[in-house]
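Let me begin by presenting the structure, written as C-alpha coordinates, before commenting on it.
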Amino acid sequence: MSETTKKNTKNKGNGAAGGAALRAAQAALRAEHAAVYGYGVIGGRIRDSRKGEARAAYDAHRARRDALRRTVRDLDGTPEPAAAAYSLPFAVPDSAAAVRLAADIEDKIAGVYSDLVRASHDDERGAAAAALREAAVRAARWRGGSVAFPGLTERTGSAAGAPASTSPSDSVPPQT
(Lines give C-alpha, C1' and ligand atoms only; values in the text may rest on other atoms or scores of the structure.)
Protein backbone atom coordinates (compact mmCIF):
# COMPACT_ATOMS: atom_id res chain seq x y z
CA MET A 1 0.00 0.00 0.00
CA SER A 2 1.49 3.37 -1.00
CA GLU A 3 2.01 6.17 1.50
CA THR A 4 -0.68 8.23 -0.27
CA THR A 5 -3.13 5.35 -0.09
CA LYS A 6 -2.37 4.82 3.61
CA LYS A 7 -3.06 8.48 4.32
CA ASN A 8 -6.26 8.33 2.28
CA THR A 9 -7.69 5.48 4.31
CA LYS A 10 -8.79 7.84 7.07
CA ASN A 11 -11.04 9.59 4.53
CA LYS A 12 -12.62 6.40 3.23
CA GLY A 13 -15.99 5.06 4.16
CA ASN A 14 -19.32 6.65 4.76
CA GLY A 15 -18.15 9.17 7.37
CA ALA A 16 -18.87 12.85 6.88
CA ALA A 17 -15.21 13.71 6.21
CA GLY A 18 -14.79 10.92 3.65
CA GLY A 19 -18.06 11.75 1.95
CA ALA A 20 -17.22 15.45 1.71
CA ALA A 21 -13.77 14.69 0.30
CA LEU A 22 -15.23 12.31 -2.28
CA ARG A 23 -17.93 14.79 -3.34
CA ALA A 24 -15.36 17.57 -3.67
CA ALA A 25 -13.00 15.32 -5.63
CA GLN A 26 -15.82 14.31 -7.99
CA ALA A 27 -16.75 17.98 -8.48
CA ALA A 28 -13.13 18.82 -9.29
CA LEU A 29 -13.01 15.87 -11.69
CA ARG A 30 -16.15 17.11 -13.48
CA ALA A 31 -14.62 20.58 -13.73
CA GLU A 32 -11.39 19.16 -15.14
CA HIS A 33 -13.35 17.18 -17.74
CA ALA A 34 -15.05 20.42 -18.76
CA ALA A 35 -11.74 22.32 -18.77
CA VAL A 36 -10.17 19.78 -21.12
CA TYR A 37 -13.15 20.18 -23.44
CA GLY A 38 -13.00 23.98 -23.19
CA TYR A 39 -9.31 24.12 -23.97
CA GLY A 40 -10.01 22.03 -27.06
CA VAL A 41 -12.27 24.85 -28.24
CA ILE A 42 -9.74 27.48 -27.17
CA GLY A 43 -6.96 25.76 -29.11
CA GLY A 44 -8.97 26.06 -32.31
CA ARG A 45 -9.58 29.80 -31.89
CA ILE A 46 -6.59 31.26 -30.07
CA ARG A 47 -4.04 33.31 -32.01
CA ASP A 48 -0.72 31.67 -32.82
CA SER A 49 1.25 33.68 -30.27
CA ARG A 50 -0.77 32.14 -27.39
CA LYS A 51 -1.19 28.59 -28.70
CA GLY A 52 1.72 27.37 -26.58
CA GLU A 53 0.10 28.78 -23.44
CA ALA A 54 -3.21 27.15 -24.35
CA ARG A 55 -1.50 23.82 -25.02
CA ALA A 56 0.33 23.94 -21.69
CA ALA A 57 -2.96 24.62 -19.87
CA TYR A 58 -4.67 21.80 -21.77
CA ASP A 59 -1.89 19.40 -20.77
CA ALA A 60 -2.03 20.59 -17.13
CA HIS A 61 -5.79 20.00 -16.97
CA ARG A 62 -5.43 16.53 -18.50
CA ALA A 63 -2.81 15.66 -15.87
CA ARG A 64 -5.00 17.01 -13.04
CA ARG A 65 -7.99 15.09 -14.41
CA ASP A 66 -5.99 11.86 -14.41
CA ALA A 67 -4.73 12.51 -10.87
CA LEU A 68 -8.28 13.18 -9.69
CA ARG A 69 -9.42 9.88 -11.14
CA ARG A 70 -6.84 8.18 -8.92
CA THR A 71 -7.90 10.29 -5.93
CA VAL A 72 -11.55 9.31 -6.39
CA ARG A 73 -10.57 5.65 -6.55
CA ASP A 74 -8.41 6.07 -3.42
CA LEU A 75 -11.52 7.43 -1.69
CA ASP A 76 -13.43 4.27 -2.72
CA GLY A 77 -15.40 6.11 -5.39
CA THR A 78 -15.95 5.49 -9.07
CA PRO A 79 -14.60 8.37 -11.18
CA GLU A 80 -17.33 10.12 -13.10
CA PRO A 81 -16.83 9.98 -16.86
CA ALA A 82 -16.61 13.03 -19.07
CA ALA A 83 -19.71 14.20 -20.87
CA ALA A 84 -19.76 13.92 -24.65
CA ALA A 85 -19.89 17.72 -24.89
CA TYR A 86 -20.26 20.76 -22.67
CA SER A 87 -22.23 23.96 -23.14
CA LEU A 88 -20.00 26.99 -23.44
CA PRO A 89 -21.06 30.13 -21.57
CA PHE A 90 -20.74 32.25 -24.72
CA ALA A 91 -19.83 31.91 -28.38
CA VAL A 92 -16.12 31.62 -29.10
CA PRO A 93 -15.73 32.94 -32.64
CA ASP A 94 -12.26 34.46 -32.29
CA SER A 95 -9.09 34.73 -30.25
CA ALA A 96 -10.42 37.41 -27.89
CA ALA A 97 -13.37 35.20 -26.93
CA ALA A 98 -11.02 32.23 -26.53
CA VAL A 99 -8.92 34.24 -24.05
CA ARG A 100 -12.07 35.19 -22.09
CA LEU A 101 -13.14 31.54 -22.04
CA ALA A 102 -9.72 30.46 -20.75
CA ALA A 103 -9.90 32.98 -17.88
CA ASP A 104 -13.43 31.84 -17.04
CA ILE A 105 -12.40 28.19 -17.04
CA GLU A 106 -9.53 28.90 -14.67
CA ASP A 107 -11.83 30.87 -12.34
CA LYS A 108 -14.23 27.92 -12.18
CA ILE A 109 -11.40 25.46 -11.64
CA ALA A 110 -10.07 27.58 -8.79
CA GLY A 111 -13.52 27.50 -7.20
CA VAL A 112 -13.84 23.73 -7.19
CA TYR A 113 -10.31 23.34 -5.90
CA SER A 114 -11.06 25.72 -3.04
CA ASP A 115 -13.87 23.32 -2.08
CA LEU A 116 -11.48 20.38 -2.36
CA VAL A 117 -8.92 22.13 -0.14
CA ARG A 118 -11.60 22.56 2.51
CA ALA A 119 -12.84 18.96 2.28
CA SER A 120 -9.58 17.06 2.01
CA HIS A 121 -6.65 16.20 4.25
CA ASP A 122 -2.89 15.70 4.10
CA ASP A 123 -1.46 15.08 0.62
CA GLU A 124 -4.80 15.62 -1.11
CA ARG A 125 -5.16 19.04 0.52
CA GLY A 126 -1.67 20.02 -0.64
CA ALA A 127 -2.41 18.85 -4.19
CA ALA A 128 -5.71 20.75 -4.23
CA ALA A 129 -4.01 23.92 -2.95
CA ALA A 130 -1.35 23.59 -5.65
CA ALA A 131 -4.07 23.16 -8.31
CA LEU A 132 -5.91 26.23 -6.99
CA ARG A 133 -2.70 28.26 -7.13
CA GLU A 134 -1.92 27.08 -10.68
CA ALA A 135 -5.45 27.96 -11.84
CA ALA A 136 -5.18 31.41 -10.26
CA VAL A 137 -1.88 32.06 -12.02
CA ARG A 138 -3.27 30.90 -15.37
CA ALA A 139 -6.40 33.03 -14.89
CA ALA A 140 -4.27 36.09 -14.12
CA ARG A 141 -2.19 35.49 -17.23
CA TRP A 142 -5.24 35.06 -19.44
CA ARG A 143 -7.06 38.01 -17.88
CA GLY A 144 -4.04 40.29 -17.62
CA GLY A 145 -4.63 40.79 -13.88
CA SER A 146 -5.48 38.89 -10.73
CA VAL A 147 -8.37 38.79 -8.29
CA ALA A 148 -8.13 39.23 -4.51
CA PHE A 149 -9.29 35.73 -3.56
CA PRO A 150 -8.88 33.18 -6.37
CA GLY A 151 -11.47 30.44 -6.17
CA LEU A 152 -14.06 32.67 -4.56
CA THR A 153 -14.94 34.97 -7.47
CA GLU A 154 -17.75 32.74 -8.77
CA ARG A 155 -19.41 32.81 -5.35
CA THR A 156 -20.33 36.48 -5.59
CA GLY A 157 -24.03 36.77 -4.95
CA SER A 158 -24.30 33.34 -3.31
CA ALA A 159 -24.95 32.72 0.34
CA ALA A 160 -21.90 32.90 2.55
CA GLY A 161 -20.33 29.50 2.94
CA ALA A 162 -22.50 27.92 0.26
CA PRO A 163 -20.55 25.35 -1.74
CA ALA A 164 -19.96 25.88 -5.41
CA SER A 165 -22.36 24.08 -7.72
CA THR A 166 -21.12 20.65 -8.67
CA SER A 167 -23.52 19.55 -11.38
CA PRO A 168 -21.82 18.51 -14.64
CA SER A 169 -23.47 21.32 -16.60
CA ASP A 170 -22.08 23.82 -14.09
CA SER A 171 -18.56 22.49 -14.57
CA VAL A 172 -18.20 24.83 -17.50
CA PRO A 173 -17.17 28.37 -16.68
CA PRO A 174 -19.87 30.77 -15.44
CA GLN A 175 -21.30 33.33 -17.81
CA THR A 176 -20.04 36.86 -17.43
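What you are looking at is a predicted structure, and each value in this text was computed from that prediction instead of being measured.
A donor-acceptor contact shorter than 3.5 Å is absent between the side chain of Glu80 and the backbone of Arg69. The main-chain N or O of Ala31 is never found under 3.5 Å from a side-chain atom of Lys108 such that the two would form a donor-acceptor pair. Using a distance-only test at 3.5 Å, with no hydrogens or angles considered, a donor-acceptor pair links the side chain of Arg23 to the main chain of Gly19. Put simply, the side chain of Ser95 gets close to the backbone of Arg47: a donor and an acceptor are under 3.5 Å apart.
For the atom pair CZ of Arg62 and CG of Asp66, the computed distance is 7.0 Å after rounding to the nearest 0.5 Å. Distance check, rounded to the nearest 0.5 Å: CZ of Arg125 to CZ of Arg118 gives 10.5 Å. Within the model, atoms CG of Asp74 and CG of Leu68 stand 11.0 Å from one another, a figure rounded to the nearest 0.5 Å. Atom CZ in Arg65 sits 15.5 Å away from atom CZ in Arg30 (nearest 0.5 Å). Separating the OH atom in Tyr37 from the NE2 atom in His33 is a distance of 14.5 Å, to the nearest 0.5 Å. Distance check, rounded to the nearest 0.5 Å: CZ of Arg45 to CG of Asp94 gives 8.5 Å.
A salt bridge does not link Glu53 with Arg138: every distance from a Lys NZ or Arg NE/NH1/NH2 to an Asp or Glu carboxylate oxygen is 4.0 Å or more.
Closest of all the heavy-atom pairs between Leu22 and Gly77 is CD1-CA, 4.0 Å. The two residues Val117 and Ala129 come nearest to each other via the heavy atoms CG2-N, 3.4 Å.
The number of heavy atoms from other shown groups lying within 6.0 Å of CZ (Arg50) is above 12.
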Could you go step by step and tell me if Glu106 and Arg141 meet the salt bridge (Lys or Arg N to Asp or Glu O under 4.0 Å) rule? CA-CA 10 Å; Glu106 298 303 342; Arg141 287 182 181 150; over 6 Å; no
Hey, mind stepping through Leu75 and Thr71 against side chain to side chain contact (heavy atoms under 4.5 Å, CB included) and telling me if it holds? CA-CA 6 Å; Leu75 294 170; Thr71 297; 4.1 Å; yes
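Ile105 places none of its side-chain heavy atoms less than 4.5 Å from the side chain of Trp142.
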